[in-house]
Number of protein chains: 2
Amino acid sequence: MDALTIQEAAQTTDWSPRMLRYIERAGLIEPRRSQAGYRLYGPGELQRLRTLRELTTRYDIGLGEIGFAMRLRRDAELAGAVDAWFEAQPRRPEEVPPAEWLRWEQDKHSKLLALAAAAPPATSHA
Amino acid sequence: MDALTIQEAAQTTDWSPRMLRYIERAGLIEPRRSQAGYRLYGPGELQRLRTLRELTTRYDIGLGEIGFAMRLRRDAELAGAVDAWFEAQPRRPEEVPPAEWLRWEQDKHSKLLALAAAAPPATSHA
DNA sequence: GAAACCTTGACACGACCGTGGTAAGGTTCC
DNA sequence: GGAACCTTACCACGGTCGTGTCAAGGTTTC
């Protein structure tokens with residue numbers, strides 16, 4: 001067969017089974033089910049799971065954010081409203097480096113990341 | 001003068017002064033400052049504050065989500081990555097009328113392109 | 001020069017997020 | 001028929017979000 005169970009999928013994608021279920025509940029990746037209700041992850045899902053991890057770690061964004069992006073592409077009205085709001089934003093051509101607010105936004109995570117990077121990824125639970 | 005202090009702005013926009021500072025910190029609306037450092041909200045800011053409230057309550061989205069949308073429009077690389085992830089998603093044709101979807105896709109791409117073209121090459125990722 | 005604003009910084013708190021664990025029960029495999 | 005997996009449903013925990021409040025100090029106005 002061409003599909004992995006949740007544990008196998010977790011191993012090859014570097015998620016935990018717990019998180020795979022969480023991701024499904026967030027509506028991001030919903031594998032098909034076997035007759036008995038077992039989740040079955042195909043190659044496409046596995047690839048998307050890896051890419052998802054890449055997205056979240058590389059750009060430091062949460063699943064909620066990706067969920068919002070998904071909502072944005074599905075709900076044209078919402079997308080339009082958000083768009084309209086940004087349209088009304090004043091342009092600052094070359095006034096101030098706009099990375100100030102970004103730094104703040106990522107600052108909250110930086111400590112965590114630094115900490116996680118410093119700590120060896122041993123089995124934290126016993 | 002043509003600008004309100006934080007308390008006045010709060011009253012006419014139905015936010016609290018606290019939240020106005022929070023919104024500023026989130027990078028969403030940054031009023032100019034007086035000589036002494038007082039926040040000064042002009043008509044544009046007031047309007048955007050009201051629209052922001054409309055957005056958050058009507059669509060039930062948080063400031064973090066709007067911040068993410070802002071990040072999406074500023075960081076073309078991130079936008080592309082998120083886009084790519086969605087491209088690999090399986091479509092469900094019966095959920096979305098194809099014409100609608102296509103129009104949305106085209107629209108999004110054109111906006112993205114316009115943004116990338118307009119944005120100076122400041123994409124020096126970390 | 002005092003009242004009434006403004007500033008930043010901190011503590012607090014309920015709600016949710018990301019994540020792990022565990023329990024009670026069904027399925028698959030040998 | 002038991003081991004090893006799967007399911008859902010909870011509890012727990014630290015972190016972030018949205019929000020209020022308070023303190024210590026500067027500014028504006030009369």
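Heavy atoms only: backbone and side chains are in, while hydrogens, waters and symmetry mates are out. Within every chain, numbering begins at 1; the chains are lettered A, B, ... in the order of the sequence lines, protein sequences first and strands thereafter.
- Looking at A/Glu8, its side chain does come within 3.5 Å of a backbone N or O of A/Thr5 through a donor-acceptor pair.
- At a threshold of 4.0 angstrom between heavy atoms, the contacts of A/Ser34 with the nucleic acid are absent.
- Within the nucleic acid shown, A/Gln35 has no heavy atom closer than 4.0 Å to any nucleic acid atom.
- Looking at B/Arg53, its side chain does come within 3.5 Å of a backbone N or O of B/Asp14 through a donor-acceptor pair.
- Side chain of A/Glu65 to main chain of A/Gly62: a donor-acceptor pair is present (N/O by atom type, distance under 3.5 Å, no hydrogens or angles).
- B/Arg50 places a side-chain heavy atom less than 4.5 Å from the side chain of B/Thr12.
- Remark: the A/Tyr38 side chain and the C/dG26 base include a donor-acceptor N/O pair separated by less than 3.5 Å.
- Taking atom CD on B/Glu8 and atom P on C/dA4, their separation rounds to 15 Å, with Å as the unit.
- Between B/Ile6 atom CD1 and D/dG20 atom C1' there is a gap of 14 Å when expressed in whole angstrom units.
- Atom pair B/Tyr22:OH and C/dG9:C1' shows a separation of 16 Å (rounding to whole Å applied).
- Per the geometry, CD belonging to B/Glu65 stands 12 Å off C1' belonging to C/dC17, to the nearest Å.
- A donor and an acceptor atom, one from each side chain of B/Glu77 and A/Tyr59, are located under 3.5 Å apart.
- Mapped onto DNA chain C by nearest heavy atom, B/Arg33 and A/Gly62 fall at different nucleotides, with B/Arg33 at the one closer to the 5' end.
- Straight-line distance from the CD1 atom of A/Ile61 to the C1' atom of C/dC17: 15 Å, rounded to whole Å.
- Counting to the nearest Å, the C1' atom of C/dG18 and the CD1 atom of A/Ile23 are 10 Å from each other.
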Show the distances under 3.5 angstrom between N or O atoms of the protein and N or O atoms of nucleotides 9-14 of chain D.
none

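- A continuous path of Ile, Leu, Val, Met, Phe, Trp and Tyr side chains, each step under 4.5 Å between heavy atoms, connects B/Leu52 with B/Leu72, placing both in one hydrophobic cluster.
- When the P atom of D/dC6 is taken as reference, atom CG of A/Leu4 falls 10 Å away, rounded to whole Å.
- Here C/dC16 presents its C1' atom at 17 Å from CZ of A/Phe68, a figure rounded to the nearest Å.
- For B/Arg48 and A/Trp85, the positive end is not near the middle of the six-membered ring at less than 6.0 Å and at most 45° from its axis.
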